[in-house]
Enquirer: 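Take this structure, written in structure tokens, and hold onto it; I'll ask about it next.
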Amino acid sequence: VQAAPQQVAEDKFVFDLPDYENINHVVVFMLGTIPFPEGMGGSVYFCYPDQSGMAVWQLLGFVTNEKPSAIFKISGLKSGKGSQHPFGTMNLPQTPTVAQIGISVELLENLAQQTPVANAAVSSVDSFTEFTQKMLDNFYNFASSFAVTQAQMTPNPSEAFIPANVVLKW
């Protein structure tokens, strides 16, 4: 946890990410000690050096008093193009193995109009897929616990029987 940013302007802060090439996700969160001023929030940027050592800034998303934390996937962003950013032409030191996370304090109206770089948000599809798979496994295990052989079945016209292999095939 890095709780001491480098202030580069009155409303701009950066955190160094050493060995960023081995980092897949970044979690940005407010500590709860100092809220944003009323009507303000923080744009979150990822900055890494390109092949020539120039800083490439990419908008990841934002945090606010109402949304005080966010998880961003940065592993696939290192080959993308940069975007317009509020850090201007500040001469932030860049070394080949150090990236930076920049926080720019801005009006909430401005945050709502910004478009983060694609693939920065952590997708919930994987967790939903995992949940669905576990739920279906649980369903199959539950249904299988009532399995009987054909010889054990007693005819009952009001019940429908579904062969277990139908569920497995589905």
Enquirer: Hey, what do you get for CG (N24) to NZ (K73), rounding to the nearest 0.5 Å?
Expert: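 Rounded to the nearest 0.5 Å, the CG-NZ separation comes out at 7.5 Å.
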Enquirer: To the nearest 0.5 Å, what is the distance between CG (N141) and NZ (K134)?
Expert: 13.0 Å
Enquirer: Return the OH to CD1 distance between Y20 and I101, rounded to the nearest 0.5 Å.
Expert: 12.0 Å
Enquirer: Let me confirm one number: the OG-CG distance from S104 to D11, rounded to the nearest 0.5 Å.
Expert: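 Atom-to-atom, S104:OG and D11:CG are 5.5 Å apart.
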Enquirer: Kindly compute the distance separating NZ (K12) from OH (Y45), expressed to the nearest 0.5 Å.
Expert: 8.5 Å
Enquirer: Does P35 reach the side chain of N65, with side-chain heavy atoms less than 4.5 Å apart?
Expert: yes
Enquirer: Just how far is it from atom CZ of F131 to atom CG of N138, taken to the nearest 0.5 Å?
Expert: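 Interatomic distance, F131 CZ to N138 CG, rounded to 0.5 Å: 9.5 Å.
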Enquirer: Could you walk me through whether S43 and Q114 pass side-chain contact (heavy atoms from CB on, under 4.5 Å), step by step?
Expert: CA-CA 9 Å; S43 292; Q114 296 174 350; 2.8 Å; yes
Enquirer: Contact between V63 and F36 at the side-chain level, heavy atoms closer than 4.5 Å - yes or no?
Expert: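 Sidechains of F36 and V63: in contact.
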Enquirer: Evaluate L59 against T115 for side-chain contact (heavy atoms from CB on, under 4.5 Å), listing each step before the verdict.
Expert: CA-CA 7 Å; L59 176 64; T115 305; 5.8 Å; no
Enquirer: Are the aromatic ring centres of F142 and Y140 under 6.0 angstrom apart?
Expert: no
Enquirer: Go through I71 and V26 one step at a time and tell me if the side-chain contact (heavy atoms from CB on, under 4.5 Å) criterion holds.
Expert: CA-CA 6 Å; I71 301 173; V26 172; over 6 Å; no
Enquirer: Tell me, yes or no, whether the heavy-atom count around Q150 atom CD, taken from other residues, nucleotides or ligands under 6.0 Å, exceeds 12.
Expert: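 Open: at most 12 neighbouring heavy atoms sit under 6.0 Å from CD of Q150.
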Enquirer: Q152 side chain to T149 main-chain N or O, any donor-acceptor pair under 3.5 Å?
Expert: yes
Enquirer: Could you tell me which non-hydrogen atom of F62 sits nearest to which non-hydrogen atom of A70, and how far apart they are?
Expert: O-CB, 4.2 Å
Enquirer: Quick check against the 3.5 Å criterion: does Q7 have a side-chain atom that pairs as donor or acceptor with the backbone of E10?
Expert: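 Yes, Q7 side chain to E10 backbone: donor-acceptor pair under 3.5 Å.
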Enquirer: Are W57 and L111 linked, directly or through other ILVMFWY residues, by side chains that come within less than 4.5 angstrom of each other?
Expert: no
Enquirer: I'd like to know whether CD of Q2 has more than 12 heavy-atom contacts from other residues, nucleotides or ligands below 6.0 angstrom.
Expert: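 Yes, enclosed.
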Enquirer: Has I34 got more than 12 heavy atoms of other residues, nucleotides or ligands less than 6.0 Å from its CD1?
Expert: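 No - once you tally the heavy atoms of other residues, nucleotides and ligands closer than 6.0 Å, there are 12 at most.
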Enquirer: What I'd like to find out is whether the side chain of V28 reaches to under 4.5 Å of the side chain of I103, using heavy atoms alone.
Expert: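 Heavy-atom side-chain distance check passes, below 4.5 Å.
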Enquirer: Walk me through whether Y48 and I74 qualify under side-chain contact (heavy atoms from CB on, under 4.5 Å).
Expert: CA-CA 10 Å; Y48 66 94; I74 63 169; over 6 Å; no
Enquirer: Any donor and acceptor pair, going by atom type alone, linking the side chain of D16 with main-chain N or O of P18 inside 3.5 Å?
Expert: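 Flag not set: sc D16 to bb P18 has no pair under 3.5 Å.
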Enquirer: If every non-hydrogen atom of P5 is compared with every non-hydrogen atom of F15, which pair is closest and at what distance?
Expert: CB-CZ, 3.3 Å
Enquirer: Measure across F13 and V105 and return the closest heavy-atom pair with its distance rounded to 0.1 Å.
Expert: CE1-CG2, 4.1 Å
